[in-house]
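Residue indices begin at 1 and follow the sequence shown.
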Amino acid sequence: MNAHNNDDRIKHLLRQALPPVEAETGPSRNLWPAVLRRLDAQTVGKPRINWVWLDWALLAGVLAVTVAFPASIPMLLYYL
């Protein structure tokens with residue numbers, strides 16, 4: 001009988017300490033426009049890095065390897 005009273009007491013104390021949680025279906029407003037504004041604010045004033053030079057450098061490296069080591073051509077074609 002004492003264990004039953006303790007259980008009821010613990011349940012009562014927990015209900016007092018932790019209020020019931022209301023179920024929310026999602027955010028109260030649309031967050032996507034705010035995300036777009038923040039992204040636009042970060043890119044304003046910063047120059048865009050043009051990565052075309054990296055493509056040309058990789059192509060030049062591959063050509064240099066194939067000229068220096070012609071036996072590497074089948075391996076290169078295998079991985080493509």
**Item:** same_hphob_cluster(Leu39, Trp32) at 4.5 Å side-chain heavy-atom cutoff
**Value:** yes
**Rounded distance (nearest 0.5 Å) linking atom CG of Leu18 with atom CG of Leu13** = 10.5 Å
**Request:** Can you see which heavy atom on Ser72 is nearest to which on Thr66, and at what distance?
**Result:** OG-CA, 4.1 Å
**Request:** Begin with the C-alpha distance, continue with both residues' side-chain angles, and end with the deciding distance and a verdict on side chain to side chain contact (heavy atoms under 4.5 Å, CB included) for His12 and Ile10.
**Result:** CA-CA 5 Å; His12 176 71; Ile10 290 173; over 6 Å; no
**Asked** Are Trp56 and Leu63 in one and the same hydrophobic cluster, where Ile, Leu, Val, Met, Phe, Trp and Tyr link if side-chain heavy atoms are under 4.5 Å apart?
**Response** yes
**Message:** Quick check on the hydrophobic clustering: are Val62 and Leu80 connected, directly or via other members, by side-chain heavy-atom contacts under 4.5 Å?
**Reply:** yes
**Message:** If you define the side chain from C-beta out and look only at heavy atoms, does anything of Ile73 sit under 4.5 Å from Met75?
**Reply:** no
